[in-house]
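One structure is given here, and the rest of the page talks about it.
Residue numbering restarts at 1 for every chain, and letters A, B, ... go by the order of the sequence lines.
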Amino acid sequence: MLRLGERMTDNIFDGFLSRKTLFKNKEILRHDYQPQSLPHRKTEIETLSFNLVEALKGHIPSNMTLYGVTGAGKTAVTSFVCDELEKKGQELKRPVQSIMVNCRQIDTQYRVLSHIGNSLLESHEIDEIPFTGWPTDRVFGELIKRMDSRKGVFVIVLDEIDHLVRKAGDDLLYNLTSLNASLNHARACVIGISNDLKFTDFLDPRVRSRLGQLDVIFNPYDAEQLQDILRQRSNLSLNEDVLGDGVIALCAALAAQEHGDARCALDLLRVSAEKAEQSGSPMVEQHHVRSAQHQIESDQMTPIISKLPSQQKLVLSSILINEKNGLRNIQTGEVYAIYTQACRYVGQNALTQRRVSGLISSLDMLGLITARTISRGRYGRTKEINSCIPQNIDPVMIMVESEPHIEDVFSSNYKHQSRL
DNA sequence: AATCCACAGGAAGCCCGGGAAC
DNA sequence: GTTCCCGGGCTTCCTGTGGATT
């Protein structure tokens, strides 16, 4: 054992610090890093700028909706263009302010309005809109007041707008797209960003026509384009000659399989390089990419599973128990039967089947299971449920860590109740 | 063509907790 | 302290549905 004062020069970090690093700047390989240029998005940037330049001329830009799959560069392009717009606005003394709202995190009308309102606060002001308590129309009134007092053009960007509409309806969009009627000294335009081409089907026709004044489609990147992006970023972030043969191509190919997701490609390359560095390898090789792929999968899924609410864990356990018993394509009723037994076993009240059906759908949305609605003719309509947790993850262990009683659910035997 | 299954999933409403205003 | 508002979790009630079976 080391005693205080003994071998003072040794420190557990010394070894890592002296190890040769592969990175020049790791931040550049993060998907939220904003690069100086965005390859293969010239047309989209032009379309956005052509519209938003109106703000610099004192006019109101059209509202826009941007469509495209995850990692197609919608958010990156928008924040890039908005940054440039704000800079030019300052230069020309025509104030423009963009406000980004991620509707996956901020997903109710009240929260979006208060978030926008609070991001318009001057640094000396302290009267924040509370996160709950006010009537929504008061928050809206406060927002108008703040916009008018600050003047200029406001570009409100609603990222993942489809999520918001599905959850909270279109009241908010109705209010936001009619902001200009209430504003006296300021102007506003709304940019919606959606992964789902069809989300406007849920909208009131008036909102649809106001929001969809200009639609921009972002096509997914193909493998070649992903390679360009990776090359551009790796030149800036990695040391020279550290990438082995075919590493970029492999990252791009794997990400292209994931519907051309640039985020995925960048994460893959960064984690691969970290893996290589960790193992003391001077080069990133293809096997690092493979192991990075596994680690990313596991890193994404582990916290999702461990943070599931207790009832949701029981539902997931019921699905896993069915699978452990050798069943595939499990029906809602079968899951529910096991679930009620499991609840009894751990002494919890069982929720209704309607609720459990909803919980199954949300497990599907989280990507832990696939639940496909099918019709089995005379034998009714149901969901066909399968878990899709990768082999290298042990969901039971993750759940047991936060809720030990789950282990009892698995150790008991429900076999006799299921189809077997 | 009619029937029927096993649900899906929408709508309304209840309850609770957190917070503001009076 | 009371009243009002918002949001989340949940139940209850209900209508809708695709295709095998009759």
### Task
Would you mind telling me which of B/dG19, C/dT11, C/dC6 lies closest to the side-chain atoms of A/T352?
C/dT11
#### Entry: For atom CG of A/D364 and atom P of B/dG9, their distance in whole Å
10 Å
### Task
Write down the distance between CZ (A/R138) and P (B/dG19), rounded to a whole number of angstrom.
16 Å
### Task
Output the single nucleotide from C/dC6, B/dA8, B/dG19 whose closest atom is nearest the side chain of A/P130.
B/dG19
### Summary
A/Q109 CD to C/dG8 P, in whole Å, measures 13 Å
## Note on the structure
note: A/I330, atom CD1; B/dC7, atom P; distance rounded to Å ~ 13 Å
### Message
Using a heavy-atom cut-off of 4.0 Å across all strands, would you classify A/R354 as base, sugar-phosphate, or nothing?
### Response
base
### Task
Take the protein atom CD of A/E128 and the nucleotide atom C1' of B/dG19, then report the distance between them rounded to whole Å.
14 Å
### Query
Are any of the side-chain heavy atoms of A/V247 and A/L269 separated by less than 4.5 Å?
yes
### Task
Would you mind reading off the distance between A/N349 atom CG and C/dG9 atom C1', rounded to a whole angstrom?
14 Å
### Toward the 5' end of DNA chain C, by each residue's nearest nucleotide, A/T108 or A/V356
A/T108
### Rounded interatomic separation in angstrom, taking CD from A/E142 and P from B/dA20
14 Å
#### Entry: Inter-residue atom distance A/Q311.CD - A/R355.CZ, 0.5 Å rounding
9.0 Å
### Task
Indicate whether OP1 or OP2 belonging to B/dA8 is found under 4.0 Å from a side-chain N or O atom of A/S361.
no
## Note on the structure
Residue pairs meeting salt bridge (Lys or Arg N to Asp or Glu O under 4.0 Å), one or both in residues 73-86 of chain A, sequence neighbours left out, come to A/E84-A/K87
### Message
B/dA21, OP1 or OP2 - any side-chain N/O from A/W134 closer than 4.0 Å?
### Response
yes
### Message
Test side-chain hydrogen bond (donor to acceptor under 3.5 Å, both in side chains) on A/N175 and A/Q109; report intermediate values, then the result.
### Response
CA-CA 10 Å; A/N175 288 329; A/Q109 162 155 241; 3.0 Å; yes
### Nearest-neighbour nucleotide for the A/Q311 side chain, C/dG7, C/dC10, B/dA20 considered
C/dC10
### Query
Hey, what do you get for CG (A/N180) to CE (A/M147), rounding to the nearest 0.5 Å?
8.5 Å
### Query
Looking at DNA chain B, which of residues 376-385 of chain A put a heavy atom within less than 4.0 Å of it?
A/G377, A/R378, A/Y379, A/G380, A/R381, A/T382, A/K383
### Task
List the steps and the verdict of salt bridge (Lys or Arg N to Asp or Glu O under 4.0 Å) for A/D267 and A/R270.
CA-CA 5 Å; A/D267 285 341; A/R270 177 175 51 82; 3.2 Å; yes
### Message
In this structure, how many angstroms lie between the P atom of C/dG9 and the CZ atom of A/R355, rounded?
### Response
7 Å
### Query
If you check every side-chain atom of A/S375, which of C/dC10, C/dC6, C/dG19 has the closest atom?
C/dG19
### Message
Checking the side chain of A/T108 only, and the main-chain atoms of A/R111 only, is there a donor and an acceptor separated by less than 3.5 Å?
### Response
yes
### Message
Once you apply a heavy-atom cut-off of 4.0 Å, does A/T132 come out as touching a base, just sugar-phosphate, or nothing?
### Response
base
